[in-house]
Amino acid sequence: MNKKITIHWFIQDLRLHDNPSFYSASEEGEVIPIFILDNVNTQKYQLGSASKWWLHYSLLSLQKSLGGKLNYFIGDPKEILIKLIDKYKVTAVNWNRCYEPWQIKRDENLRKILLEKGIEVNTYNSSLLWEPWDILKSDGTPYKVFTPFYKNGCLVGGISPRKSLSKPKNLQLIFQQSNDNSVSILNLLPKNNWGKKLEKYWKIGEKNALDTLKSFIESGIKNYKEGRNFPGENFVSTLSPHIHFGEISPNLIWEKISSLHSDENTNHFLSELGWREFSYYLLYHFPHMPEKNLQKKFDKFSWQNNKSYFEAWKKGKTGYPIVDAGMRQLWETGYIHNRVRMIVGSFLVKNLLLHWHYGAEWFWDCLVDADLASNSFGWQWIAGCGADAAPYFRIFNPIIQGEKFDVDGKYTKRYLLELENLPNKYLFCPWKAPKAILDKAGVILGVNYPYPIVDLKESRNLALKAY
DNA sequence: TTTTGAGTTGTTCGA
DNA sequence: GTCGAACAACTCAAA
């Protein structure tokens with residue numbers, strides 16, 4: 001009998017453990033492990049700068065776990081796969097499915113072509129706990145509200161999430177020797193020094209993803225439900241970029257958290273994984289979610305689209321410290337704490353009256369965890385035009401939010417050094433501080449920290465009226 | 001088919 | 001200072 005040669009195509013599953021496609025390929029014989037940077041089918045969803053940076057290091061880490069035998073390609077997967085199949089007499093092509101609409105389309109087409117060539121095609125689910133097509137209401141249509149989706153659809157009605165797998169035991173890997181077989185051909189690192197800065201904040205790759213989960217279980221989860229609201233503290237998992245690139249699977253996380261003593265903290269964290277599922281679920285059933293308002297009546301909304309407001313927002317120079325701290329955290333670290341994402345999002349949409357697309361695009365470029373499903377869902381939610389969105393009158397007040405969730409000012413002062421010496425009483429509204437206090441703190445409004453670019457009350461009423 | 005209750009994360013105002 | 005109502009009306013899910 002001829003031995004079996006399988007291509008395992010790594011896409012957003014950059015790990016060896018709990019990798020159903022890689023596991024089964026390895027069980028059956030020799031494997032050609034490949035990564036393809038697809039710059040042909042992506043259309044407008046080319047990776048953002050922060051994502052590319054992360055991907056570069058994640059690939060290096062994966063390459064190391066594979067003993068240096070990861071094969072790199074750039075171009076159209078169809079052509080690359082066909083060349084490889086012919087060259088190595090490949091029997092089967094395996095991959096773990098991705099759920100972005102453009103990937104679904106590409107992969108359906110690819111599967112057809114490979115099957116016609118007589119090649120075995122095996123695809124697996126390695127990134128979702130529940131398949132979007134399995135969870136439906138009794139009338140056969142998709143859910144649009146989170147709670148019934150999660151409770152009735154997933155927890156009660158759904159199939160239990162797949163159990164995680166170990167690393168495959170015997171690896172027989174085929175590596176294509178050539179000069180340009182290195183991650184550098186993908187050209188992922190930014191030309192400027194922006195990437196350098198990010199290095200301080202992240203440890204990338206499969207092992208670090210597992211370590212991050214471990215330390216979250218040891219500390220953050222114990223006060224997750226309350227603590228997750230405080231951006232200055234470490235109660236959130238920061239697993240999102242690891243999950244996005246598949247350095248760790250939601251299944252393993254689900255399994256580990258479920259095995260802990262069940263309480264309000266573990267349940268709340270599991271429901272956050274449920275929210276991630278819900279974003280993918282909606283993206284699957286409503287593939288235009290990244291572009292179009294899920295509620296059509298918002299199409300008529302009169303956005304202001306003032307470019308100078310957008311510039312100020314991006315740079316963290318709106319004059320509202322909690323907003324600015326968030327935007328500078330994004331620039332500095334490639335990440336924003338979830339509570340602050342809502343604050344800066346609400347501010348962009350409901351105080352600056354900018355279209356949520358602006359915010360989504362900036363996040364897409366800057367976030368190391370940029371994810372089409374979560375990002376478009378999140379922005380639609382905060383804008384109020386999503387399936388199960390915030391009511392129009394839910395407009396975050398950046399002063400109150402700061403006072404409430406950054407009580408000691410630790411978070412805000414970490415990113416706004418110019419306000420370091422301002423007493424907490426005025427930290428979230430420096431323009432209200434008496435001159436003597438500003439002087440003493442070395443804050444000169446309009447010089448080293450901006451005046452507020454919009455009036456809260458006024459812009460809030462403007463938004464309410466527009467809604 | 002009709003009815004009923006609910007819908008992640010908020011703020012403001014006035015008693 | 002605290003508390004409840006109002007901020008609108010609609011859509012969704014399930015009985």
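So that the names make sense, note that chain A is the first sequence line, chain B the second, and so on, each numbered from 1.
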What nitrogen or oxygen pairs link the protein and nucleotides 10-14 of chain C at under 3.5 Å?
residue	atom	partner	partner atom	Å
C/dC12	OP1	A/Lys144	NZ	3.3
C/dA13	OP1	A/Lys144	N	2.4
C/dA13	OP1	A/Val145	N	3.3
C/dA13	OP2	A/Lys137	NZ	2.4
C/dA14	OP1	A/Asn152	ND2	2.1

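Remark: aromatic rings of A/Trp133 and A/Tyr284 are close, center separation under 6.0 Å. The aromatic ring centroids of A/His355 and A/Trp379 lie 6.0 Å or more from each other. The six-membered or imidazole ring of A/Trp275 lies near that of A/Phe146, with a centre-to-centre distance under 6.0 Å. Taking the ring centroids of A/Phe235 and A/Phe230, they lie at or beyond the 6.0 Å cut-off. A/Phe278 and A/Tyr150 have their aromatic ring centers separated by at least 6.0 angstrom. A/Trp356 and A/Tyr358 have their aromatic ring centers separated by at least 6.0 angstrom. Here the two rings, on A/Trp130 and A/Trp254, have centers that are under 6.0 Å apart.
In terms of phosphate contacts, A/Arg394 brings a side-chain nitrogen or oxygen within less than 4.0 Å of OP1 or OP2 of B/dT9.
Only the P atoms considered, B/dT12 is 15 Å distant from C/dA8, to the nearest whole Å. Taking atom P on both C/dT11 and B/dT11, the two are 27 Å apart, rounded to the nearest angstrom.
A/Asn19 and A/Asn96 share a side-chain donor-acceptor pair at under 3.5 Å.
For B/dT8, the base is stacked against the aromatic ring of A/Trp275, per a cut-off of 5.5 Å between centres and 30° between planes.
In secondary-structure terms, DNA chain B builds stems of at least 3 consecutive Watson-Crick or G-U pairs, each pair having both distances under 3.5 Å, at B:2-7 with C:10-15, B:10-15 with C:2-7.
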